[in-house]
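Start at 1 with the first residue, then count along the sequence. All ligand and atom numbering here is 1-based and tracks the order in the structure.
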Amino acid sequence: MRKRPIELKVIIRCFLGLNFVRQTVIAGNWKMHMTCAETKNFLKDFIPLIENINTNRNIVIAPPYTAISTFASFSNSMNLNIASQNIHWEDSGAFTAEISPIMLLEHNVKYAIVGHSEPRKYFSESDEQINKRAKSAQTNGLTPIVCVGETLEQRERGEAERIISRQVEQGLEGTNPEDLIVAYEPIWAIGTGKTCEAKDANKICKLIRSLIGYEDVIIQYGGSVKPNNIDEIMSMSDIDGVLVGGASLNPISFARIANFK
Ligand code: PGA
C-alpha cells in the first residue's frame with residue numbers, strides 16, 4: 001500500500017511540541033437527496049477516489065434514512081463513516097417522523113447531525129431540543145455534529161458573536177467536548193454560493209473553541225464549501241473540517257474536497 005502523506009498541520013504542531021489529537025472530519029450532508037440506486041452509483045465512483053487519503057482524515061456522509069442501509073452495505077472503505085441527519089432522545093415511542101438512536105446503531109451509524117439551520121428554520125427546533133439530541137447521541141455512543149450559525153440580518157446588526165455564544169452555551173450544555181463536533185455554518189452562506197471569508201470563519205471557530213474551553217474539540221466550517229475554496233478554508237488554524245451540502249452530492253467534487261491540499 002502507498003505511504004500516506006502527513007498533514008501539514010500535524011507537522012507544525014509536532015514541531016511546536018504540541019500533542020496533535022484533533023482529527024480532520026470532512027462531512028457531507030445529502031439532505032433530502034439520493035435514492036438507494038443513486039447511493040450505490042455514488043459509492044462506486046467515490047470510494048476509489050478516497051482510497052489513499054491520510055488516515056487522520058475522517059470522511060463522513062449523512063445519507064437520507066432510506067439510503068442508510070444501502071450505504072452501509074456498499075461502503076467498505078475504512079475512512080468512510082455514516083452520519084444520520086438527526087436523532088431523537090428516546091429509544092422508541094409515539095414520535096412520528098423521528099429517528100431513534102438504537103435504530104441508527106443497528107446500521108453502524110457513528111455520527112448524528114443536530115441543530116442544522118434547516119430544521120431550526122422550518123421546524124422551529126429550539127436550542128433545548130438540540131441539546132437533548134446532542135446528549136442522546138453521546139449517551140448512545142454516536143458523535144453529535146452540532147450546527148450553529150447566524151442569519152444575514154443578525155450578522156449585519158453585529159450580533160453574530162452573541163447568537164453563536166447563546167447557541168453554543170444552550171445547545172452544548174452538559175455535553176462531553178471530547179466526543180463532539182461543532183459545525184459553524186453561517187446561514188447566509190448555506191446553499192447560496194456565498195462563502196464566509198476564511199479568516200472570518202476562523203475567528204468564529206476560535207470563539208467557539210474558547211467558549212467550550214477545550215482546545216481539542218473538533219470544529220468544522222460549513223456553507224458553500226466547494227472544490228475551489230476548500231484548500232484555503234482548511235489552511236485555517238481553528239478549522240478542523242467541513243460540513244458540505246451541495247458539493248457532497250457529486251463524487252468527483254466531494255472527493256476533491258476530501259483530498260484538500
Ligand atoms: P451547502 O450546505 O454546502 O450546500 O452550502 C451546507 C449545509 O447545509 O450543511
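Checking Asn202 against Lys206 by side-chain atom types alone, no donor-acceptor pair falls below 3.5 Å.
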I'd like the atom pairs linking ligand 1 to the protein - N or O on both sides, separation under 3.5 Å - with distances to 0.1 Å.
unit_1, atom_1, unit_2, atom_2, d
ligand 1, 2 (O), Gly245, N, 3.4
ligand 1, 3 (O), Gly245, N, 2.8
ligand 1, 4 (O), Gly246, N, 2.9
ligand 1, 5 (O), Gly191, N, 2.7
ligand 1, 5 (O), Ser224, N, 2.8
ligand 1, 8 (O), Lys31, NZ, 2.6
ligand 1, 8 (O), His116, NE2, 2.7
ligand 1, 9 (O), His116, NE2, 3.2
ligand 1, 9 (O), Glu185, OE1, 3.2
ligand 1, 9 (O), Glu185, OE2, 2.7

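Side chains of Pro63 and Ile82 form a contact here, defined as non-hydrogen atoms less than 4.5 Å apart. Side-chain contact check for Asn58 versus Asn79: every heavy-atom pair is 4.5 Å or farther apart.
The salt bridge (Lys or Arg N to Asp or Glu O under 4.0 Å) analysis of residues 175-202, with sequence neighbours excluded, yields no pairs. Residue pairs meeting the side-chain hydrogen bond (donor to acceptor under 3.5 Å, both in side chains) criterion with at least one member in residues 159-169, sequence neighbours excluded: Asp127-Arg166, Arg157-Glu159. Sorted by first then second residue, the side-chain hydrogen bond (donor to acceptor under 3.5 Å, both in side chains) pairs that include residues 29-40, not counting sequence neighbours, are Lys31-Glu118, Thr35-Glu38.
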